[in-house]
Protein chains: 2
Amino acid sequence: MRVTAHDVALAAGVSRSAVSRAFSPEASIESRKRAHILAVAESLGYRPNLIARGLTGRGSGLIAVVVGNVSSPYEAWFLDVLAEAIRAEGLLPLLLPVSPGQELEPALDHALAYQVDGAVIAAGSVSRKLAERCSAMGAPVVVVGRVIEDGADSVCCDNRAGMALVVERLVAAGRRRVAWIGGYADTFSNIERLEGLTTGLSAAGLKLVDSRRGNYSVEGGLAQALTLLTGPEPVDAIVCGNDAMAIGALSAAQRLGRRVPGELSVTGFDDIPAASWEAYSLTTVRNPVETTVREALALLSARIAGEDGPPQVVRLAPELKLRRTL
Amino acid sequence: MRVTAHDVALAAGVSRSAVSRAFSPEASIESRKRAHILAVAESLGYRPNLIARGLTGRGSGLIAVVVGNVSSPYEAWFLDVLAEAIRAEGLLPLLLPVSPGQELEPALDHALAYQVDGAVIAAGSVSRKLAERCSAMGAPVVVVGRVIEDGADSVCCDNRAGMALVVERLVAAGRRRVAWIGGYADTFSNIERLEGLTTGLSAAGLKLVDSRRGNYSVEGGLAQALTLLTGPEPVDAIVCGNDAMAIGALSAAQRLGRRVPGELSVTGFDDIPAASWEAYSLTTVRNPVETTVREALALLSARIAGEDGPPQVVRLAPELKLRRTL
DNA sequence: ACAGTGATTGCACGCGTGTGCAATCCTTGG
DNA sequence: CCAAGGATTGCACACGCGTGCAATCACTGT
């Protein structure tokens with residue numbers, strides 16, 4: 001059935017150990033013999049069983065990747081970069097989709113049962129206890145997009161700084177009646193972004209005119225912007241917690257005939273690919289996804305290599321992408 | 001370090017076999033004892049090592065998922081649905097991103113070395129030989145989005161039928177000068193969609209006015225539509241090979257001030273989420289992704305369960321989504 | 001030619017789990 | 001009270017691989 005090292009050993013007339021060593025680059029084995037074994041192995045279609053190899057203790061070569069709705073543009077973008085980077089390290093990503101509201105723990109348990117070497121968590125609510133439990137099981141964890149104080153390594157863009165950039169530009173453009181459409185209320189990124197917005201505004205002597213929740217989706221942004229713009233309170237800028245909602249808000253503005261950015265500014269956060277599509281040309285804050293992934297994997301690799309020490313927090317500076325909606 | 005069944009056995013004062021049986025629902029074991037063992041296991045934080053379990057032959061519980069650029073909207077959508085469905089079956093998806101142009105084989109080898117129970121291949125060029133090799137290794141393969149004649153199970157929407165729907169509507173709307181912006185030339189879906197378009201047109205006594213390649217990307221669609229619309233040949237309809245390019249084409253039309261659908265029709269294929277965003281309201285062909293995933297997994301499960309027989313081909317009927325661009 | 005040295009090699013064990021088989025236990029019927 | 005039968009249990013082996021250890025080999029220097 002399945003061809004094993006034993007079969008190769010038989011066919012090549014050597015011991016099974018020799019086969020094993022032929023596939024370990026550093027092992028001591030005569031090079032002529034190794035070549036022969038590799039040739040026989042090739043002809044038999046033999047590949048070392050990585051599952052069995054993982055059993056001997058040297059790590060499974062698997063990385064758990066916890067991510068939310070993969071179909072949301074930001075998550076898809078992030079996952080794309082991350083998966084590519086993991087494979088570039090010779091590892092394999094185990095995909096664990098955890099929709100908002102679902103429990104993270106069962107999914108993580110499932111992955112831990114596969115002896116993953118590490119986990120990148122970009123969704124679900126991860127407590128300090130959970131992170132510690134993973135580490136105790138031998139799987140270092142890097143949390144992305146939020147910071148667990150003293151609990152786990154994390155890398156996350158500086159949301160407040162990003163919003164500060166938006167406010168600066170907003171004020172320079174003479175906007176005075178600013179509204180906010182945020183994501184899920186208790187989300188780390190949502191809290192920080194809102195906080196960055198309000199402190200920036202109050203520094204300019206302004207305060208929010210309105211504040212709503214759009215659940216980070218296009219539909220949510222559209223619905224909230226519609227009721228907002230048809231409400232009693234006049235508004236000359238809508239700051240959104242992410243790009244998807246900003247795209248929804250732009251649709252609302254279009255439907256209501258508001259000129260953007262003439263009478264109304266709209267901004268997003270993340271700079272997903274759609275933000276630069278001409279129909280939107282959304283002014284937004286660029287979330288440095290590539291750097292985030294690089295840093296996260298570097299942290300993870302260090303931990304896997306055994307590096308000890310207190311949890312590290314990497315904060316990445318975002319950048320304002322000026323386009324045509326502000 | 002890592003807590004094993006042996007540790008639990010010691011702590012519970014039973015044999016290791018008993019621990020193993022406590023975790024197999026059908027195994028013969030006194031229920032009081034099972035409860036006790038499970039309690040001890042829980043208190044020690046023990047979970048059966050699925051890697052080791054996979055070694056005994058009963059499958060690894062892993063499914064390889066080969067997909068292209070995850071960040072492209074259609075692939076992200078598909079992956080989202082698929083990953084969710086795989087987890088719903090109690091399996092775990094192993095993510096293998098294979099960008100267009102990259103080799104599929106090394107990625108698949110990597111996954112096969114993990115003894116995956118099966119593979120869903122939605123990207124990369126898979127030959128009949130490759131599919132057979134996988135099956136020989138004990139990993140059934142389902143190909144999605146293209147058909148390997150007599151080579152592997154596959155499920156794929158009926159691209160020609162989809163295009164027929166577009167043509168029908170196009171002709172009814174009185175369009176006579178139709179251009180085509182396709183994806184990668186040698187792609188299965190691209191060939192079928194183009195074929196469906198041309199046969200439909202010639203049945204109506206028409207033929208393509210122009211034909212281009214936009215690489216299935218927004219940027220490609222934009223660039224091709226720009227040169228197309230500023231070229232010598234007048235055009236009153238652009239049929240695109242997927243939604244992303246259609247979105248690019250709409251941007252081109254907007255930039256050039258063409259009224260859509262007044263002077264120009266634009267259509268896509270797939271019905272990605274962005275197609276229904278108000279800025280586009282793209283008329284397109286809905287690719288039945290949910291059904292595709294369901295059928296693909298059903299096929300795969302049957303094969304994993306040992307079902308024999310000739311390769312099956314499932315063709316799914318698409319549906320025209322009439323919006324505002326045609 | 002011979003001892004000494006270092007490179008190869010094979011044996012056997014361990015990784016953590018499932019499971020056939022025979023031994024044991026408890027239950028039940030007479 | 002005894003025997004028969006079924007339910008439980010533990011032993012031991014298997015899964016496919018890496019690797020320490022001791023044995024073997026080739027080779028070198030004198």
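The analysis underlying the following values was restricted to heavy atoms, covering all of them including side chains, and did not include hydrogens, waters or symmetry mates.
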N/O (side chain, A/Ser28) to phosphate O (OP1/OP2, C/dA7) under 4.0 Å: no

Distances for protein N or O near nucleotides 22-26 of chain C N or O, under 3.5 Å:
none

Over 12 foreign heavy atoms within 6.0 Å of CD, B/Glu42: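 At most 12 heavy atoms, drawn from other residues, nucleotides or ligands, come within 6.0 Å of this atom.
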
Over 12 non-hydrogen atoms of neighbours within 6.0 angstrom of CZ in B/Arg47: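 Open: at most 12 neighbouring heavy atoms sit under 6.0 Å from CZ of B/Arg47.
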
Contacts of A/Tyr114 that satisfy ring-ring contact (aromatic ring centres under 6.0 Å, His included) - sequence neighbours left out: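 Applying ring-ring contact (aromatic ring centres under 6.0 Å, His included) to A/Tyr114 gives A/His110.
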
Within residues 31-41 of chain B: residues closer than 4.0 Å to DNA chain D (heavy atoms):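 Correct list: B/Lys33.
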
Nearest non-hydrogen partners of B/Cys134 and B/Leu108, listed with the distance: SG-CD2, 3.4 Å

Partner residues of B/Arg303 under the side chain to side chain contact (heavy atoms under 4.5 Å, CB included) criterion, sequence neighbours left out: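 B/Pro140, B/Asp153, B/Gln312.
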
Below 3.5 Å is the cut-off: list the nitrogen or oxygen pairs between protein and nucleotides 16-20 of chain C, distance only.
unit_1 : atom_1 : unit_2  : atom_2 : d
C/dT17 : OP1    : B/Tyr46 : OH     : 2.8
C/dT17 : OP1    : B/Asn49 : N      : 3.0
C/dT17 : OP2    : B/Ala5  : N      : 2.6
C/dT17 : O4     : B/Arg16 : NH2    : 3.4
C/dG18 : OP1    : B/Arg53 : NE     : 2.8
C/dG18 : OP1    : B/Arg53 : NH2    : 2.9
C/dG18 : OP2    : B/Ser20 : OG     : 2.4
C/dG18 : O6     : B/Arg16 : NH2    : 2.8
C/dT19 : OP1    : B/Arg58 : NH1    : 2.4
C/dT19 : OP2    : B/Arg58 : NH1    : 3.3
C/dT19 : O4     : B/Ser17 : OG     : 3.4

Stepwise side-chain hydrogen bond (donor to acceptor under 3.5 Å, both in side chains) test for B/Tyr216 and B/Ser189: CA-CA 11 Å; B/Tyr216 278 145; B/Ser189 62; 2.9 Å; yes

Check ion pair A/Arg16-A/Asp7 (N to O, under 4.0 angstrom):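 The answer is no: the pair does not qualify as a salt bridge.
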
Pair A/Glu192 + A/Arg315, salt bridge at N-O below 4.0 Å: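 A/Arg315 and A/Glu192: salt-bridged.
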
Overall bend - the helix from C/dA1-D/dT30 to C/dG30-D/dC1, comparing terminal axes fitted on five pairs, nearest 10 degrees: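 The end-segment axes of the helix from C/dA1-D/dT30 to C/dG30-D/dC1 are tilted 40° relative to each other.
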
